[in-house]
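Below: one structure, written as structure tokens.
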Amino acid sequence: MKSKTHAYPSVQLFIGGEWVNSKEHLEIVNPSDENQIGLLPVVNKEQLDSALSAAQEGFAIWSRTAPLERSRVILDASRLMRERCEEIAQSISLELGKPIRQSRLEVIRGCEFFEWDAAEGQRLYGRVIPSALHMRNLVLRQPIGCVASFSPWNFPMSQPARKIAGALASGCSVILKPAEQTPAGSIHIARAFEDAGLPPGVLNLVFGQPADISEYLIPREEIRLVAFTGSTAVGRSLTMLASANMTPVLMELGGHAPVIVCDDVDAASAGAVSAIRKMRNAGQVCTSPTRFYVHEKLYPDFADSFMQQIETMKVGDGLSEDTDMGPVAHLGRIEALQGLVDDATERGARLLTGGLRRKGKGYFFEPTVLSEVPDDAQIMQVEPFGPVAVLNPVASLDKGIEMANSVPYGLAAYAFTHSAANVDRLINEMEAGNLSINTLEASLPETPFGGVKASGYGREGGDEGLLHYTVVKNVMHRIGI
Ligand code: NAD
């Protein structure tokens with residue numbers, strides 16, 4: 001049965017519990033056909049000041065709300081989002097071109113983030129330190145305050161969800177700036193929280209030019225934490241801005257995930273699952289498996305099976321039920337991908353398939369596979385963040401690990417092997433915040449996710465995820481004097 005068609009939501013700022021508009025707007029475009037689907041209000045400085053005041057007022061209420069009650073509101077909002085899953089998923093597919101089946105899964109994933117954090121927020125335990133007679137030393141974890149959060153466009157619902165969930169479950173208030181290309185997920189989240197009875201000012205949404213907003217908000221003393229997901233270059237500049245005030249940061253930045261395929265696995269199965277995972281969300285995932293280092297013994301079978309899978313993929317409009325891969329998010333991504341592919345082939349890489357923008361409307365870049373890519377090609381260092389895979393044969397696990405670690409990034413890393421000895425080496429030697437073996441899943445609500453090296457610091461998810469949203473207070477209490 002065909003699903004009901006929902007309209008793209010009206011995008012407004014959400015400040016102090018009110019929906020407000022703005023005089024200036026940017027276009028929101030469907031990357032599948034380049035048509036305008038909505039208008040994004042550009043926040044002005046007075047509205048940012050209002051958001052800061054509202055977030056402070058929100059914090060005063062929310063931080064004093066019992067954790068059980070905070071959890072109830074978050075769970076109510078999550079239930080509403082589950083009920084509205086189809087509407088939210090359609091908005092995501094319209095603004096990002098993501099295949100609708102993947103958009104539905106994203107909505108559910110976002111709800112799971114809320115549900116895990118809602119429960120975990122009730123367990124922000126401190127401790128009692130054994131002390132001298134008549135002395136008590138209590139260690140408490142208290143909400144850090146008002147958080148400035150910045151979420152990217154590649155997961156319009158689950159990325160804002162992760163940021164909002166961590167903050168709200170810990171008792172903080174938030175001013176969130178979602179990505180300008182994909183605001184709808186955050187609009188649906190804010191609507192659900194409004195309907196669930198979240199006090200005004202606890203969650204605020206602002207939209208506009210990213211640098212204008214971050215440069216205004218981050219230096220303000222009302223902001224006690226900066227949480228960002230996006231590129232390493234932007235993360236670095238926001239970290240420098242925050243350092244002027246000694247404001248802590250939570251940085252989830254780029255990745256360039258390696259996959260080591262050892263000689264003891266079924267090459268055809270590993271090749272097939274790798275191709276599907278690589279092209280998920282048109283490769284625009286910070287954990288996307290990209291640099292495949294395949295043992296030379298298995299390489300031909302792995303590459304054959306990878307290619308067979310790629311050739312069956314249907315590329316098209318995100319709203320079509322049978323689409324496997326949609327367009328990339330914006331024109332800038334096409335230009336970046338073309339540059340990386342051309343550079344690799346000029347340096348001697350073999351282009352097994354793809355490599356070009358598809359003719360006609362929409363920002364479609366063909367699923368692309370490069371093989372035998374030389375080490376000096378830019379793509380071996382620069383994250384493509386798109387539907388481009390690199391397949392390179394390696395002679396040993398030593399070489400695979402050396403190449404895997406040869407980039408500035410260290411977010412997700414993967415391996416296929418059944419050998420306990422190989423796994424032991426991978427655990428000890430891979431430079432990554434997340435290592436997945438025989439699965440290309442890198443993150444769950446209950447597991448801590450984040451990077452090492454230029455992939456940032458801090459963790460989202462798991463009980464570690466809420467730590468950043470709290471500060472530790474030690475209370476030393478002498479009974480009587
Ligand atoms: P980009 O760095 O220009 O933008 C990425 C995100 O950062 C956008 O959502 C944008 O709104 C935000 N941003 C940009 N400048 C900002 C500023 N000064 N202050 C606050 N926010 C700002 O890159 P792009 O071409 O749109 O995206 C591709 C790159 O982004 C990739 O190379 C990838 O590393 C990174 N990215 C990473 C993730 C992730 O999950 N880690 C997600 C999306 C994008």
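The basis for the numbers below is simple: all heavy atoms, side chains too, and nothing from hydrogens, waters or symmetry mates. Every number for a ligand or one of its atoms is a count from 1 in the order of the listing. Note that this is a predicted model, so its numbers are computed, not measured.
At a 4.0 Å heavy-atom cut-off, ligand 1 touches His330 through the side chain alone. At a heavy-atom cutoff of 4.0 Å, ligand 1 is contacted by the side chain of Arg333 but not by its backbone. The side chain of Lys177, and not its backbone, has at least one atom closer than 4.0 Å to an atom of ligand 1 (non-hydrogen atoms only; side chain from C-beta on). With a 4.0 Å cut-off on non-hydrogen atoms, Pro152 touches ligand 1 through its backbone as well as its side chain. At a heavy-atom cutoff of 4.0 Å, ligand 1 is contacted by the side chain of Leu238 but not by its backbone. Neither the backbone nor the side chain of Ala233 has any atom closer than 4.0 Å to an atom of ligand 1 (non-hydrogen atoms only).
A salt bridge links Asp322 with Lys314: the closest approach of a Lys/Arg side-chain nitrogen to an acidic carboxylate oxygen falls below 4.0 angstrom. Taking the charged nitrogens against the carboxylate oxygens, Asp117 and Arg162 have no contact shorter than 4.0 Å, which rules out a salt bridge. Salt-bridge formation is detected for the pair Lys453/Glu431: a Lys NZ or Arg NE/NH1/NH2 atom is positioned less than 4.0 Å from an Asp or Glu carboxylate oxygen. A salt bridge does not link Arg84 to Glu87: none of the charged nitrogens lies less than 4.0 Å from a carboxylate oxygen. Between Glu441 and Arg277, at least one side-chain N (NZ, or NE/NH1/NH2) sits under 4.0 Å from a carboxylate O, which counts as a salt bridge. Ionic pairing of Glu460 and Lys163 is present here: one or more N-O contacts between side-chain nitrogen and carboxylate oxygen are shorter than 4.0 angstrom.
Counting only non-hydrogen atoms, the option in Phe228, Phe150, Phe155, Tyr409 that gets closest to atom 7 (O) of ligand 1 is Phe228. Of the candidates Leu217, Asn154, Val328, it is Asn154 that places a heavy atom closest to atom 42 (C) of ligand 1. When Pro156, Pro178, Gly254, Cys286 are ranked by how near their heavy atoms come to atom 39 (C) of ligand 1, first place goes to Cys286.
In terms of protein heavy atoms, atom 18 (N) of ligand 1 is closest to Ala211 CA, 3.4 Å. Ranking the protein heavy atoms by distance from atom 8 (C) of ligand 1 puts Trp153 CD1, 4.0 Å first. Looking only at heavy atoms of the protein, atom 9 (O) of ligand 1 is closest to Ala179 CB, 3.3 Å. Here the protein heavy atom with the shortest distance to atom 32 (O) of ligand 1 is Glu383 OE1, 3.5 Å. From the protein, the heavy atom lying nearest to atom 29 (C) of ligand 1 is Ser231 CB, 3.9 Å. The nearest protein atom to atom 11 (O) of ligand 1, hydrogens excluded, is given as Glu180 OE1, 2.8 Å; this is a heavy-atom distance. The single protein non-hydrogen atom nearest to atom 13 (N) of ligand 1 is Pro210 CB, 3.7 Å, given as residue, atom name and distance. At the top of the distance list for atom 31 (C) of ligand 1, counting protein heavy atoms only, stands Phe385 CG, 3.6 Å.
On a distance-only criterion, Thr229 and ligand 1 share no N/O pair closer than 3.5 Å.
Close contacts between ligand 1 and Ser214 involve ligand atoms 17 (C), 18 (N), 19 (N), 20 (C) [criterion: under 4.0 Å to a heavy atom]. Close approach to Leu253 involves these atoms of ligand 1, each under 4.0 Å from a residue heavy atom: 41 (N). Set against the non-hydrogen atoms of Ser151, the atoms of ligand 1 under 4.0 Å away are 9 (O). For ligand 1, the atoms sitting less than 4.0 Å from at least one non-hydrogen atom of Glu252 are 41 (N), numbered in the order shown with element in parentheses.
There is a protein heavy atom less than 4.0 angstrom from atom 21 (N) of ligand 1. Counting only heavy atoms, the protein gets under 4.0 Å from atom 2 (O) of ligand 1.
Side-chain atoms of Ser103 and Ser93 form a donor-acceptor pair, as typed in the model, at a separation below 3.5 Å. Side-chain contact annotation: Glu34 with Asn30, donor-acceptor N/O pair under 3.5 Å absent. Side-chain contact, Thr290 with Lys278: a donor N or O sits under 3.5 Å from an acceptor N or O. For Asp49 and Tyr216, the side-chain atoms include at least one donor-acceptor pair closer than 3.5 Å.
Remark: aromatic rings of Phe416 and Phe292 are distant, center separation not under 6.0 Å. Aromatic ring centroids of Phe385 and Trp153 lie under 6.0 Å apart.
When every heavy atom of Ala167 is checked against every heavy atom of Val147, the shortest pair comes out as CB-CG2, 4.4 Å.
Relative ring orientation between Trp19 and Phe14 is described as tilted, the plane-to-plane angle lying within the 30° to 60° band.
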